[in-house]
Amino acid sequence: MNHPHRKYAVRGLFALCLLAASPPVHAGADNLGTIDVTSERQSSPTAASPVPVTVIDRQQIETSHARNVAELLQGQADIVVRDTSGIGVKPQVDLGGFGETGAYNSVVLIDGRRVNSPDLSGVDWNQIPLDQIERIEILHGGGASLYGSGAVGGVINIITRIPHPGGHVAARVGSFGSKGAQASLGMDAGRTSIEANVSTFQTLGYRDNGGYNRVDEGLRAESDLSPNLNLHLSGNYHHGRMGLPGSLTAAQMAQSRTQTFSPNDYARTNDGYVDAGIGWQHGRFGLDLDGGYRRRQSHAMYSGYRMDSLINTASLRPKLSYDSAWGKVRAHWLAGADIQSSTGALSSFSFRQERQGIYGHVNLGNAGGRWNLSGGIRSAQLQTSFTHTVASSATNQVPAWDAGISYALTDRLRVRLNMEKSVRFPLLDERYNYLTNTVNVSVKPQIGRHVGASLRYSLGHAWIEASFRRAELTNEIYYDPAAFVDENYTGGTRHDVWMLVGHWKASRLMHWSASYTYTAARFLNGAYAGHWIPAVPQHRADLGWNAAWTDRFGTTLNLRYIGKSYAISDQANTHPQLAGYALLGAVVRYRWQHMHMFTRVDNLTNRKYSSYAVASGSGGDVYYPAAGIAVSAGADYRF
């Protein structure tokens, strides 16, 4: 059995395996839309945001015919999606250029509920049914005061649809024996709306032992008890199992890209949550009291190693808002707390983790929207205790803050300026050494200092925005392949991101979108001074063309380029770089009455590439080959 990178794989198993769970989508020319900057369902204009914002609306979600949220995100500027499965069922989303730890340097919310896991398993993007999403908002940087630990590269905020009467059924089939189906049914009983949904997906996978299957069942309900009082409830249960085909060397890929040397490895996950809340509005005052409970149980077999985890998480999210006005100046004040308690066991140790955050935030702006000032501060605290042979504990408390301005220089030209201090607390696995079976409580919180600026010009149905942001991190948390542990890099790191994004809707047949992102992520001092941070491509670009030929028939064509990067664990930059790649994708769609039909082709040119590679000093670098051309087709019906 060939595992030249076992030192990495054993340590990172929860990150790579314990998730049981294209053509990219571009935010449209009218994506100024709205942004839910405070995690409330009520939204404010995106123009007020001091950081660049991308909005993927409901229409774009429907026309993409993507399988999951990660497929929607992979076509966005400033985002790189890596996958070890070859078919996109184990995606890791990197917002802001952080490489191996990209999934842990951004916050993902669903209706204000944080879905990031306290361990390295990250976000399971397959558990979020696209049919239930109203829009997705991507904040490129910012959010430290409102969102707390992990809001370093930015925030991905998913807003679900309000339950509505009627039903929806859909089915799709595709390459590699893939097939899926979903259904939802809603009813409206006066002031109360309820909707239930179920979805399933399975595939044989691109590689041997690359199969995957999942089932998700969910329920959402909202009730307006009075004009000022609202109740909401949501829940979901997920079961998934995936094979783990593992990595291949370059020589093995030359023999066969689909082979595996891990025919018996797999991961299985059961994950369920329930979330509820009450919202009250009285004049200028608003009060929200939300809370939830989540239980995630995972089991995996990897190269003879058995790894089990159980995480129970309870959360409470009270929030108080107040609106005031002084002449033409409007103000929205917000104060709240995030309280989260997690207990359980990972591998051979049990843990208890208490997370508390208290924050305040204010938005000031004139009635006409010409200018907007925003800022906030948070006190963030994390207490973690472990029981393994002997008890150990760690307590960290760090303040975070942000401030920014959005100002319209003219009716067409707007500038944004922002600065912040961010924090990322160590995850559970980052304090645990799988090889020595010991706990390390000395890992410190990662601290970031950020500045950013952007300039946006709008003209009719077209706009273009250029932006720059810099994050300088102290004690960045990373995996040291020489010491086989997660630790703080003491020399400091810098992440610079330049973005250029534009959209032009000239006509129904000419809707163009394009973006280019340049990312420079380097070690500043210390052992790797001047070296590039692994797994961060410097260049990425997207070009999209959408055409509505008739009211019923439309097409989409997308080209995505991801530049070369150093392999994971190659901090010394001495190994060959992972080659860059360009992918072409297309969607053809047709609508007839209440039925929508589509055909989607990913990797139209059958490009042979890998989005994930690990450097190894024993046996050569290893790769996770991605799939070649893949075709899927399906239909959905609404009633």
Side chain to side chain contact (heavy atoms under 4.5 Å, CB included) evaluation trace for Arg424 with Asn105: CA-CA 7 Å; Arg424 181 170 93 80; Asn105 278 286; 3.5 Å; yes

State, yes or no, whether a side-chain contact exists between Lys90 and Asn126 at a heavy-atom distance under 4.5 Å. no

One pair to check against side chain to side chain contact (heavy atoms under 4.5 Å, CB included): Val497 and Thr517. What are the steps and the verdict? CA-CA 7 Å; Val497 179; Thr517 306; 3.9 Å; yes

Could you tell me whether the side chain of Tyr104 and the main chain of Leu120 form a donor-acceptor pair under 3.5 Å? yes

Nearest 0.5 Å, please: how far is OG1 in Thr313 from CD in Gln340? 5.5 Å

Any chance you could measure Leu72, atom CG, to Ile156, atom CD1, to the nearest 0.5 Å? 11.0 Å

Is the number of heavy atoms from other residues, nucleotides or ligands under 6.0 Å of Ile358 CD1 greater than 12? no

Identify, with sequence neighbours excluded, every residue that meets side chain to side chain donor-acceptor pair (under 3.5 Å) alongside Arg352. Glu354

What's the verdict on side-chain hydrogen bond (donor to acceptor under 3.5 Å, both in side chains) for Ser422 and His450, showing C-alpha distance, side-chain angles and the deciding distance? CA-CA 8 Å; Ser422 68; His450 310 248; 2.6 Å; yes

Can you tell me if Gln381 and Gln356 form a side-chain donor-acceptor pair at under 3.5 Å? yes

Has Arg82 got a side-chain atom pairing as donor or acceptor with Gln92's backbone, closer than 3.5 angstrom? no

Arg416 vs Glu465 side-chain heavy atoms within contact, under 4.5 Å: yes

Ignoring hydrogens and angles, tell me if any N or O in the side chain of Asp94 forms a donor-acceptor pair with the backbone of Gly99 under 3.5 Å. yes

Please give me the minimum heavy-atom distance between Ala627 and Asn603, naming the atom from each residue. O-ND2, 3.2 Å

For Lys444, is the NZ atom crowded, meaning more than 12 foreign heavy atoms sit under 6.0 Å from it? no

Are side-chain heavy atoms of Trp532 and Asp570 found at a separation under 4.5 Å? no

Check Ala66 against Glu71 and note the closest heavy-atom contact, atom names and distance. CA-OE1, 3.4 Å

For a side-chain hydrogen bond (donor to acceptor under 3.5 Å, both in side chains) check, start with the C-alpha distance between Ser467 and His140, then their side-chain angles and the critical distance, and finish with the verdict. CA-CA 10 Å; Ser467 65; His140 300 272; over 6 Å; no

Answer yes or no: is there a side-chain heavy-atom contact under 4.5 Å between Tyr612 and Ile568? yes

Is it true that Phe351 and Phe386 have ring centroids separated by less than 6.0 Å? no

Go through the steps to decide whether Leu583 and Arg607 satisfy the test side chain to side chain contact (heavy atoms under 4.5 Å, CB included), and finish with yes or no. CA-CA 7 Å; Leu583 301 176; Arg607 176 67 183 266; 4.1 Å; yes

Would you call Arg378 and Glu420 a salt bridge, taking side-chain N to carboxylate O under 4.0 Å as the test? no

Could you tell me whether the side chain of Asp338 reaches within less than 4.5 Å of the side chain of Tyr359, counting heavy atoms only? yes

salt_bridge(Asp308, Arg306) N-O dist < 4.0 Å: yes

Rounded distance [0.5 Å steps], OG in Ser611 versus CG in Leu578: 7.5 Å

One thing to verify: whether Asp119 and Arg431 come together as a salt bridge, which I'm taking to mean a side-chain N less than 4.0 angstrom from a carboxylate O. no

Is the ring pair Tyr528/Tyr489 parallel, tilted or perpendicular, if the boundaries are 30 and 60 degrees? parallel

Does the gap between the ring centers of Tyr566 and His575 come in under 6.0 Å? no

Reported CG-to-OG1 distance for the pair Asn488 and Thr474, which is rounded to 0.5 angstrom: 10.0 Å

Main-chain N/O of Leu427 paired with Glu430 side-chain donor or acceptor, under 3.5 Å: yes

Is there a side chain to side chain contact (heavy atoms under 4.5 Å, CB included) between Glu487 and Ile477 once you walk through the steps? CA-CA 6 Å; Glu487 59 185 18; Ile477 303 171; over 6 Å; no

Output all residues satisfying salt bridge (Lys or Arg N to Asp or Glu O under 4.0 Å) with Asp271, sequence neighbours left out; order by chain, then residue number. Arg294

Tell me, please, which residues at least two apart from Ala103 pass side chain to side chain contact (heavy atoms under 4.5 Å, CB included). none

Quick one: pull up CG in Leu543 and OH in Tyr561 and give me the separation to the nearest 0.5 Å. 15.0 Å

Heavy-atom check, side chain of Val115 versus side chain of Leu109, under 4.5 Å: no

So, Arg522 side chain and His531 main chain: donor-acceptor pair closer than 3.5 Å or not? no

Is the closest side-chain donor-acceptor distance between Ser406 and Asn372 under 3.5 Å? no

Any donor-acceptor pair under 3.5 Å linking the side chain of Asn116 with the backbone of Val108? yes

Look at Arg469 together with Asp78 and state whether they make a salt bridge at an N to O cut-off of under 4.0 Å. yes

Classify the ring geometry of Phe468 against Trp498: parallel below 30°, tilted from 30° to 60°, perpendicular beyond 60°. tilted

Taking the side chain from Arg257 and the backbone from Tyr609, do they hold a donor-acceptor pair closer than 3.5 Å? yes

Contacts of Asp496 that satisfy salt bridge (Lys or Arg N to Asp or Glu O under 4.0 Å) - sequence neighbours left out: Arg470

Do His361 and Ser374 come within less than 4.5 Å of each other through their side chains, counting heavy atoms only? yes

Is the backbone N or O of Gly88 less than 3.5 Å from a side-chain atom of Ser85, with the two atoms forming a donor-acceptor pair by type? yes

Treating Gln252 as the side-chain partner and Thr249 as the backbone partner, does any N or O pair qualify as donor plus acceptor under 3.5 Å? yes

Met499 side chain near Tyr516 side chain, heavy-atom distance below 4.5 Å: no

Quick one: salt bridge (Lys or Arg N to Asp or Glu O under 4.0 Å) partners of Arg494, sequence neighbours excluded? Glu472

Heavy atoms of other groups near Met419 CE, more than 12 under 6.0 Å: no

Kindly write out the residues that satisfy salt bridge (Lys or Arg N to Asp or Glu O under 4.0 Å) with Arg540, not counting sequence neighbours, or none if the list is empty. Asp542

Check against side-chain hydrogen bond (donor to acceptor under 3.5 Å, both in side chains), Ser616 and Asp621: CA-CA 5 Å; Ser616 174; Asp621 298 346; over 6 Å; no

Can you measure from CZ (Phe425) to CD (Gln397) and round to the nearest 0.5 angstrom? 8.0 Å

Residue pair Ser117, Arg296: steps toward the side-chain hydrogen bond (donor to acceptor under 3.5 Å, both in side chains) verdict: CA-CA 9 Å; Ser117 181; Arg296 183 172 64 84; 3.1 Å; yes

Tell me whether Ser262 contacts the main-chain N or O of Asp265 through its side chain, where contact means a donor paired with an acceptor under 3.5 Å. no

